[in-house]
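Here's the structure, in structure tokens; my notes come after.
The chains referred to below are lettered A, B, ... by the order of the sequence lines, with proteins before strands, and numbering in each begins at 1. Note that these values count all heavy atoms, side chains included, but never hydrogens, waters or copies made by symmetry.
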2 protein chains.
Amino acid sequence: MSSSTHATLGVRQAQKLKTRQALLDAALRLLEEQSLSSLGLREVTRVVGVAPAAFYRHFRDMAELGVALVEESLGSLHVMIRAVLAEQQEAEEVIDRSVEAVADHVRRHPAHVRFIARERHGGVRAVREAIAAELARFGEEVAAALAAQEVSQGWSAEDVRMLAGLYVDHLVMTASAFLEASPEEGQAIADTARRQLRLISLGRRHWRAA
Amino acid sequence: MSSSTHATLGVRQAQKLKTRQALLDAALRLLEEQSLSSLGLREVTRVVGVAPAAFYRHFRDMAELGVALVEESLGSLHVMIRAVLAEQQEAEEVIDRSVEAVADHVRRHPAHVRFIARERHGGVRAVREAIAAELARFGEEVAAALAAQEVSQGWSAEDVRMLAGLYVDHLVMTASAFLEASPEEGQAIADTARRQLRLISLGRRHWRAA
DNA sequence: GGATTCAGTAAACAACTGTTTGCCACGGGG
DNA sequence: CCCCGTGGCAAACAGTTGTTTACTGAATCC
């Protein structure tokens, strides 16, 4: 019933990690209906059922908790991206798989996605910067994958990066579009996203060839 | 020294509009460093130099003020968009003009742009919906302009809308990229944006032709 | 097994919040 | 000219906030 951390970490640290995670979970839940800069420390501790002062044993302030949430949120996305990039397939196939993967990810971790979309341009600098840094790493990773494909022969590194940026931006836009949409609207969004990606990949194939 | 509203509106209403605008201005300024859901009513009135209770003479709550800010912010953008769409020119030319127009707009109304980027996915539902509605109208407008071009012959209405959506999203992304960037970084961002638009317009020309 | 570390506690702090009340002063319509 | 409508004010309201303090009790170390 208990997690694997118990065996290797000792009761003491395990308990600490547990309430730390509880704080993160509570915050993420509360952030579905407000933004980080208005989320109160007491609000979070109240949900967890712990004294306000206990918060300081884990985070200096809410901004620090926010940064921790960024890592947690984008970590799962990172896994998904790698999985999609790993497959070497037909362009059309890759597009379908990508859009489906994004839809699935949003369905599974809606709070994480909402948090990222909301705080990407939000009011807390440290969190904004953490998200920007992580998304930049995504871009590099996508760029590397793109460069390895035959279609990219003759492309400058900079051009590959701009294409990767376009893909990452499109991914984030699509994800947050899924977020605030009913299931049947989701179908239409997936459709639009697929066509947009198809158009981009079309432009890609004709780049510097026209 | 006074505005033109005096002549047509009477001292009474003119004064009211003046403090209403002062409230909006103060809020917009404060929102450069936080998000709407954490902006306090007293905070705004304090900056304006007016009693807290005076706020209620103009807005029911901060959400209502936020919606007013949306109209103000996207109004100016609307003007810019129309101007760019109006010119019928070579594709390459249109791209350059667009990117420059966006850069210029961000330079001139940074607070407005920041507000939209921040609250587009922010914590206040009414404001989110107002922004979404306004951006949808942008999309329609862009779609209409695109449909009128020769390149779009044979395109389904839905395909035109998805392309328009891609442009609008790209515009917002580019604008907020300009926002949190130094002048020399701005140069690079403009360059990337141009290449991305070029790639999209390339895909557009080959749509359903391959 | 005794000493020590430390996650979590309870209580108090001043500062702040949104909202309501009754009031005033003054511009504008009759 | 006077009276009504109303934008703005001062004061008080009950709640809430972040942060500090001194503390307790149990897991850990030697």
Q. Going by atom types only, do A:Asp191 and A:Gln187 share a side-chain donor-acceptor pair under 3.5 Å?
A. no
Looking only at C:dG28, C:dC6, C:dG8, the nucleotide nearest the B:Val11 side chain is C:dG28
**Q.** A:Ser38/B:Ser38 under side-chain hydrogen bond (donor to acceptor under 3.5 Å, both in side chains): CA gap, chis, key distance, verdict
**A.** CA-CA 4 Å; A:Ser38 75; B:Ser38 74; 5.9 Å; no
Could you go through A:Glu141 and A:His78, starting from their C-alpha distance and side-chain angles, then the distance that decides it, and tell me whether this counts as side-chain hydrogen bond (donor to acceptor under 3.5 Å, both in side chains)?
CA-CA 10 Å; A:Glu141 197 161 343; A:His78 218 264; 3.1 Å; yes
With B for base contact, S for sugar-phosphate-only contact and - for none (protein heavy atoms under 4.0 Å), nucleotides 16-24 of chain D reads -SBBB----
The dot-bracket string of DNA chain C, counting Watson-Crick and G-U wobble pairs with both distances under 3.5 Å, using [ ] for crossing pairs and | for pairs to another strand, is ||||||||||||.||||.||||||||||||
| message | Let's go through B:Glu185 and B:Ser182 carefully: what are the C-alpha distance in whole Å and the side-chain angles of both, what is the deciding distance for side-chain hydrogen bond (donor to acceptor under 3.5 Å, both in side chains) to 0.1 Å, and is it a yes or a no? | response | CA-CA 5 Å; B:Glu185 287 172 332; B:Ser182 56; 3.1 Å; yes
- Task: Check for a donor-acceptor pair, side chain of A:Arg114 on one end and backbone N or O of A:Ser176 on the other, with a separation under 3.5 Å.
- Result: no
So, does B:Thr19 get its side chain near the phosphate of D:dG7, meaning an N or O under 4.0 Å from OP1 or OP2? no
Per the under-4.0 Å heavy-atom filter, residues of residues 25-34 of chain A near DNA chain D come out as none
We want to know whether A:Arg204 and A:Gln149 form a side-chain donor-acceptor pair, criterion being a heavy-atom distance below 3.5 angstrom.
yes
Next on the checklist: Whether the B:Ser73 and B:His109 side chains hold a donor-acceptor pair (N or O, under 3.5 Å, no angle test) is what I'd like checked.
Outcome noted: no
- Message: Would the distance check show the side chain of B:Arg128 and the main-chain N or O of B:Gly122 forming a donor-acceptor pair, the cut-off being under 3.5 Å?
- Response: yes
